[in-house]
Amino acid sequence: MSASIDLKDKLMSAEEAVRRFVKDGDMIALGGFTVNRNAMVIAREIIRQGRRELHLVMHSHGQAMDILVGAGVVSRLELAYGGTGRFAPTGIRFRKAVQAGQVQVEDYSNFQMSLRFLAGALNLPFIPSCSGFESDVLNREGFGPELRGRGRIPSRKAIITDNPFSPDREPVVLLPALAPDVALIHAQFVGEDGTVRIKGLTFLDIEQAKAASRVIVTCEEVVPSTFLRQDPDQNSLPPFLVDAVVLAPFGAHPTACHYFYDYDPRHLNMYRQVAGDDNDFRTYLKEWVYGVADQEAYLAKVGVSDLMRIKANSSVGYAPGLDRR
Amino acid sequence: MSASIDLKDKLMSAEEAVRRFVKDGDMIALGGFTVNRNAMVIAREIIRQGRRELHLVMHSHGQAMDILVGAGVVSRLELAYGGTGRFAPTGIRFRKAVQAGQVQVEDYSNFQMSLRFLAGALNLPFIPSCSGFESDVLNREGFGPELRGRGRIPSRKAIITDNPFSPDREPVVLLPALAPDVALIHAQFVGEDGTVRIKGLTFLDIEQAKAASRVIVTCEEVVPSTFLRQDPDQNSLPPFLVDAVVLAPFGAHPTACHYFYDYDPRHLNMYRQVAGDDNDFRTYLKEWVYGVADQEAYLAKVGVSDLMRIKANSSVGYAPGLDRR
Amino acid sequence: MAHAYTSKEMMALTAGRLVKNGDVLFAGTGLSMLAAAVAKRIHAPQSVVFFETGGIDPALKELPLAVADPRVMAGTCMNSGLLDAFSLLGHRRLRTIAFLGAAQIDPFGNINSTCLGDYHRPKVRFPGCGGACDAASLAFGVIIFMQQEKKRFVEKVDYLSSVGWLKGGNSRRQAGYKRGGPIAVVTNLGVMKFDEQSRRMYLAACYPGVSPAQVAENTGFDLDLTRAGESAPPSQEELTILRREVDPQRLILGPAPE
Amino acid sequence: MAHAYTSKEMMALTAGRLVKNGDVLFAGTGLSMLAAAVAKRIHAPQSVVFFETGGIDPALKELPLAVADPRVMAGTCMNSGLLDAFSLLGHRRLRTIAFLGAAQIDPFGNINSTCLGDYHRPKVRFPGCGGACDAASLAFGVIIFMQQEKKRFVEKVDYLSSVGWLKGGNSRRQAGYKRGGPIAVVTNLGVMKFDEQSRRMYLAACYPGVSPAQVAENTGFDLDLTRAGESAPPSQEELTILRREVDPQRLILGPAPE
């Protein structure tokens, strides 16, 4: 039997994907991790379309989170870590927004967030964990009682109980499952049947996509189904969990996409500079987000020489010798 | 930096692997599924070495389980399904042993067993599930109170409670984690650094291995590390979770090993015949287990023509047109 | 003009007709494989078949004889594992339809695939619930294959492996199930469905040449016969596809009609 | 003869010396990467480095600048994801040693990487605990990098991101932790360890040329100085490997010594 599903109803522009599948107030799961495979094309389009009061959920996230927070479209975050490693150990706009009280933050650990997405993916209401006893991560709530139990926000941040299978009744932490409205994923390949293949580390993208009600996938290449079905062991998501596929070469720029390109140190360093100043950041948004209609215009602005500089070497998947200072 | 680990301390015969890593009374997780990737070489060696009172844990299992039960080395099983599909919808020796009261059985579902292994792999004490409310799978215990809480047997089969995050307090099932003594895995490839790669469906092998205290891997091929490290996305287990690696071509026979060989319908049909009769089964064990010193002798007994018959075609991973009646 | 066909052929085709285009089909092996394959070829081309072992949308050039058959992992869109498969089974986005078989069934579609007699020392032991308990718990809907016999259609199953409508009415939902429940029971004699209110089994259709009385005779509990229609016989197209494309070796269909 | 070296170099080498051959090292980026790489090259060749993102035993031909740097996924034995990484971190089979950094630390090795001031309206917001809370909970042992300053070594952290010995004594185990706890704190001045009984921090060693009093001056709580020894200075071999092989671009080492 031939492939059951055809991509043509799902292949669309970033503009259409955001218009149809991202609503004001949505809980949005960000795929990728700090400087890798951020769905930047969708992040910029969300800003362009002026979505509001978004609720971001993630483990550790960097560039997409920081620009969304900086653009003022985010009200709430649940996360473990906000930064881009050495380029910005704490996300610059994230830090400013939290310190100014412009966003509410609920802190969890990476394992805790991972387990919460896993529980969502497996359709379990909650999941136990043995991480963080007596830490403020468990003892202090970021979201106030006025938010608790509303919409997709769980009634409690976590519940400390004990293991009913153990005679010693050891303590155990119960964490509420996450079931976001939308997951934003950037992948290397999508097949013409809608199958998704992620190369390199998958982080928690697969669980995030499964936990979500809607899934937007941007990709470097759309490839014949036969290419992906020749070795299905390597594939990451089946077609029927994906709502929108957006073809977006260099779609994670300035973050990396394994086997395609490295992160862009010049852009990330430049971003750190401008993000530190409100006016400069407004100019950045004007130039790099509002001022570019689509990914083609964005890449033209990045310029060929910077794109070639970060192009990955096929043997290692990154750009060896890239000046990363 | 070069690979940290070298296989040479871990590469050994099946005889040594069983002698060193399988003890009487052990809880043993069987990798594979019904007619696929059963670690048959280890199963036969366990019988040869006369281990006793083993406790098998698995989701759905077929040939290795049935022959171990038939040889009388098993006292207890926790499983969801015991059979080999159309070849023996219920495992023949399994059925006989249960009906004769020779083994104790604790029934769970496949998802429940999967979640229990997952909890073991993630080092969680238990895991919730929403499967099986009011079924006898949850309402009836196979293991009596004299076994409960002893060794690796959990104090309770399952606990029905309610979701503390939900205002409606919906019911939820808590399942105890599984942490077997040993996991038996058959893989296509092991690298010279001990890295394991399983092709085709991985079933629950990875979680089973992670949940176990000791891991024995049999494999079709030992390959240079560079072969597996060129595309590490495809690898299944890191070297430091594996205790013994046994090179065993056709090591899953008469079950299948994707890309290497199909299941052997003639052997499975023959097995079904002999397993139905106690004397015939004793003869089978004498001929196919006790009478063959190792895998080389076993394969010689199977014979070249049957091995060639089931040899997989590389394009599909099985033997097209194989007579499977 | 009528064509000769076997009851296995009729069962596979009847179940196949219950599939809606786009359904995500959780198949075991045996008849369910035939039902899914034939539906996909005739009226449900966008349906996807997946297996609890983790194989999703396989090419199925040859029929698998077990859910771990290498044929469920060839030409798939994805090979994963059990946890992935079960996460799809219950996914709120998906209209998953599961095909199950069993040794016993009660008037509310609760089934037994574990044992006859005492659980601790059974008269007959079956393989166990496998993934059927999970499919019955989590799928959008369930279609059950049965041989219609008095000893299989019983007031109370010896062991409740997989829950149907439980005690009828609203009891399934009250027990904690969020969706699902059996849609139909397809037997060698006809099709049973479940009353929307009471959730008790009734005879929905007899196969051509089978009378409602004949079904009742082979059922161990009272069965409402008043709503019984007659199933359409297999069309030539259905039979051709089933015999030539789906199971040419008759590995599951078994002997051809005389 | 003494060699010139920077305090960053000394910190990386000092932490590296604490690694035992065969340890499974949970590394972040920055100094921890250097420590792991240098230990592996000198005395712990069978140690394996892995990252919370899922990269296990990467080739590390170039230094990663973040745990999601593509350099953590090149030449690995396995690329997986976060759940796999955290399942290794706490695995009972493995002696996992985690390297952590922080903004604040208290006398029992509890650390803060979340914020200064009020949590809801912080004076300074940091990235958050990331995987450090998990490493501190689950690893066999933890080594912490700190700048030794009064404002960083405090009686009470503003926010307890990752638990050390909690309130000392047996309190960590009583809280539910099965193993782990901080082994050492490596700073720009020396090495602090924790008393076996009280679990309170004490000065174990000063770097050459640093006095115990100087450490005390830069510590915001009472520190037992009576057990302080002196660290051996970097050997020529250590410095050569660190500078030529591990971080030739000085991406993390920063400016060379004068």
Side-chain angles (χ1 to χ4, degrees), chain B residues 1-10 21 117-125 152 177 179-183 187 189-198 202 206-215 223-243, chain D residues 19 21-25 33 36-42 44-50 54-63 70-96 134 137-139 176-180 241 245-246:
Chain B
M1 285 180 283
S2 63
S4 312
I5 300 168
D6 194 297
L7 187 58
K8 65 178 183 300
D9 298 337
K10 294 181 179 172
F21 298 111
F117 282 117
L118 175 67
L122 291 171
N123 203 19
L124 312 178
R152 291 176 183 267
D181 294 294
V182 197
F189 304 106
V190 175
E192 282 169 356
D193 62 352
T195 298
V196 179
R197 178 181 294 180
I198 297 172
T202 52
I206 296 165
E207 289 82 2
Q208 289 180 308
K210 284 192 178 151
S213 296
R214 305 187 290 277
V215 177
V223 296
S225 306
T226 47
F227 176 70
L228 298 187
R229 284 180 185 248
Q230 186 53 42
D231 190 4
D233 302 2
Q234 296 197 50
N235 297 341
S236 311
L237 285 172
F240 47 78
L241 291 184
V242 178
D243 297 275
Chain D
V19 171
N21 191 19
D23 284 353
V24 177
L25 306 173
M33 195 64 261
V38 90
K40 208 162 140 57
R41 282 177 166 86
I42 294 177
Q46 290 173 301
S47 284
V48 171
V49 183
F50 77 108
I56 303 171
D57 200 24
L60 296 178
K61 286 185 190 157
E62 296 192 0
L63 271 181
R71 285 152 193 82
V72 310
M73 24 187 126
T76 55
C77 74
M78 204 179 141
N79 282 338
S80 53
L82 277 77
L83 287 163
D84 292 276
F86 287 113
S87 75
L88 294 180
L89 183 63
H91 204 290
R92 64 191 185 279
R93 294 183 58 149
L94 305 177
R95 204 185 119 101
T96 45
D134 310 304
S137 299
L138 304 170
Y177 296 101
K178 300 228 173 71
R179 67 175 194 176
I241 287 173
E245 295 182 28
V246 176

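Below, chain A is the first sequence line, B the second, and so on; all start at residue 1. FYI, side chains are in, hydrogens and waters are out, and symmetry mates aren't considered; it's all heavy atoms of this structure. Everything numeric in this text was worked out from a predicted model, so none of it was measured.
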- On a heavy-atom basis, the closest approach of R152(B) and R92(D) is NH1-NH2, 4.0 Å
- Query: Relative to chain D, which segment of T226(B) carries a heavy atom at a distance below 4.5 Å: side chain, backbone, both, or neither?
  - Reply: neither
- Scored by heavy-atom pairs under 4.5 Å with chain D, the best of P238(B), S213(B), S236(B) is S213(B)
- Is there a side-chain contact between T195(B) and I56(D) (heavy atoms, below 4.5 Å)? no
- Item | Side-chain touch P232(B)/M73(D), heavy atoms, less than 4.5 angstrom | no
- Message: I want to check something: taking the side chain as every heavy atom from C-beta on, are K178(D) and N123(B) in contact at a cut-off of under 4.5 Å?
- Response: no
- Message: Distance check, rounded to the nearest 0.5 Å: M78(D) atom CE versus L241(B) atom CG?
- Response: 8.5 Å
- Task: Measure distances from L94(D) to the heavy atoms of chain B and classify the residue's part below 4.5 Å as side chain, backbone, both or neither.
- Result: side chain
- One should read off an interatomic distance between D57(D) CG and D193(B) CG, to the nearest 0.5 angstrom, of 7.5 Å
- Message: Nearest 0.5 angstrom please: S87(D) OG to I206(B) CD1, how far?
- Response: 10.5 Å
- Can you tell me if CD on E245(D) sees more than 12 non-hydrogen neighbours from other groups inside 6.0 Å? yes
- Query: With chain D, which of L124(B), D231(B), N235(B) has the greatest number of heavy-atom pairs at distances under 4.5 Å?
  - Reply: N235(B)
